[in-house]
Amino acid sequence: MNLQVEQMHPLVLNVGLAVHNADWNWKNVNSPFTRLYYVTEGSAQIELPDGIYTLSPKHMYFIPAFTIHTNICKSNFVHYYLHIYEDHYSDNDWLDHWKFPVEIEATDLDLALFKRLCEINPHMTLQKSDPTTYDNNPTLMQNLIKNRQRAFCDKAESRGIVFQLLSRFFKQGQSKIEMEDNRIAKTVLYIRKHLNEAIELEKLAEISCLSKDHFIRLFKKELGTTPLQYINQKKIEKAQLLLITEELAVKEIAFQLAFDDYSYFNRLFKKTTGVTPQEYRRLY
């Protein structure tokens, strides 16, 4: 797949150094962001859909977004972590279109880049390693806001470092264009491009060249959620950003995201975030 750097909008959610001793054990983690690890000491394992990988020092690891995985740690384990979110103002999630190696041998430069990223982003470390404490909508939005509020020089340098680290995986990556999963990737791209419209399942099934029922089953298998849940999730995520970054009435935001029923939008927003749109705007 022919991608341009201008199409890539990776945002840093979290970065830091984690020290564990048999306490990095989390089951069925499934996040909307990509994880990069650099291991410095000890070892641990990650169980992915295609098998179990042992995490070893002086290696980097790539865990794609929406990949169900389990962490296994039985002894000392120290690693740098980096959580990357593809800005959903972008209409092309390049991470959805490439298959990266899970493990690559790291260099001294990679370690220096992780250390520098931590140095200029000290406020973006995780307070706890338990995914339930940070892998949720409110925290995701808070981290996105932190990213946008940083000094321009820090944002520019951070993005440059992220590009350098990702380039190591791109070098060994392969386009998914020939993979069967590309059918679902096409529908995900369509959803991201048309959040301001009413998105019909029939249209998505047509794009994927599948029957409606088959499309729904395959979509849930690949992303761990139904198409309708994914659409609503992305619409509410965009609504959250609009509430904070734009001077728009809540009703106007609902209509911009193709919610004809304003009451339904309010109910869905509260179900997803725990508060109403008006309360959310006041909180931030």
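- Judged as a side-chain hydrogen bond (donor to acceptor under 3.5 Å, both in side chains), and not counting sequence neighbours, the contacts of Thr107 are Asp110.
- With values rounded to the nearest 0.5 angstrom, Ile236 atom CD1 is found 10.5 Å from Leu242 atom CG.
- Atom OH of Tyr38 is separated from atom NZ of Lys58 by 7.0 Å, given to the nearest 0.5 angstrom.
- Considering only residues two or more places apart in sequence or on other chains, Thr40 meets the side-chain hydrogen bond (donor to acceptor under 3.5 Å, both in side chains) condition with none of them.
- Remark: Asp261 CG is packed, more than 12 non-hydrogen atoms of other residues, nucleotides or ligands lying under 6.0 Å away.
- No donor-acceptor contact under 3.5 angstrom links the side chains of Ser211 and Asp213, judged on distance only.
- When each of Tyr53, Phe169, Tyr80, Trp24 is tested with Tyr37 by the rule ring-ring contact (aromatic ring centres under 6.0 Å, His included), just one qualifies, namely Trp24.
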Query raised in the report: Between Val250 and Gln278, is a side chain to side chain contact (heavy atoms under 4.5 Å, CB included) present by the stated rule, with each step listed?
Result: CA-CA 7 Å; Val250 175; Gln278 294 86 348; 4.2 Å; yes
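- When each of Asn121, Leu113, Leu165 is tested with Leu82 by the rule side chain to side chain contact (heavy atoms under 4.5 Å, CB included), just one qualifies, namely Leu165.
- Using cut-offs of 30° and 60° on the angle between ring planes, the pair His20 and Phe77 is parallel.
- With Leu13 as reference, Leu144 is the one residue of Asn147, Thr34, Leu144 to meet the side chain to side chain contact (heavy atoms under 4.5 Å, CB included) rule.
- Note: the hydrophobic cluster containing Leu195 does not contain Phe255 (ILVMFWY, side chain heavy atoms under 4.5 Å, direct or indirect links).
- By the rule that hydrophobic residues join a cluster once side-chain heavy atoms approach within less than 4.5 Å of another member, Leu228 and Phe215 end up as members of separate clusters.
- With salt bridges taken as basic N to acidic carboxylate O contacts below 4.0 Å, one links Glu157 and Arg116.
- The shortest heavy-atom contact between Tyr262 and Lys251 is CE1-CA, 3.5 Å.
- Checked against a 6.0 Å centroid threshold, the rings of His79 and Tyr61 do not count as neighbours.
- The environment of Glu119 atom CD is dense: over 12 non-hydrogen atoms of other residues, nucleotides or ligands sit within 6.0 angstrom.
- The aromatic rings of Phe100 and Phe62 are tilted relative to each other, their planes meeting at an angle between 30° and 60°.
- Counted within 6.0 Å of NZ on Lys270, heavy atoms from surrounding residues, nucleotides or ligands total 12 or fewer; the atom is thus considered open.
- Side-chain contact of Gln229 with Gln233: a donor-acceptor pair under 3.5 Å is absent, judged by distance alone.
- Once rounded to the nearest 0.5 Å, the distance linking CD of Gln45 with CG of Asn71 reads 10.5 Å.
- Partners of Lys212 under the salt bridge (charged side-chain N to carboxylate O under 4.0 Å, His left out) rule, at least two apart in sequence or in another chain, are Glu202.
- Hydrophobic clustering keeps Ile72 apart from Val29 (ILVMFWY residues linked when any side-chain heavy atoms are closer than 4.5 Å, directly or through intermediates).
- Annotation: the span from Ile216 atom CD1 to Leu201 atom CG amounts to 5.0 Å, rounded to 0.5 Å.
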Query raised in the report: When you look at Ile84 and Leu166, which way does the side chain to side chain contact (heavy atoms under 4.5 Å, CB included) test go after all the steps?
Result: CA-CA 10 Å; Ile84 303 170; Leu166 286 175; 4.1 Å; yes
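- Here the shortest heavy-atom pairing between Ile231 and Ile191 reads CG1-CD1, 3.8 Å.
- Between Phe269 and Phe265, the ring planes are tilted. Angles from 30° to 60° get that label.
- Criterion: ILVMFWY side-chain heavy atoms under 4.5 Å apart, direct or through other members. Under it, Val19 and Leu117 are part of a common hydrophobic cluster.
- Tyr190 pairs with exactly one of His194, Lys193, Arg192, Lys186 by the side chain to side chain contact (heavy atoms under 4.5 Å, CB included) rule, that one being His194.
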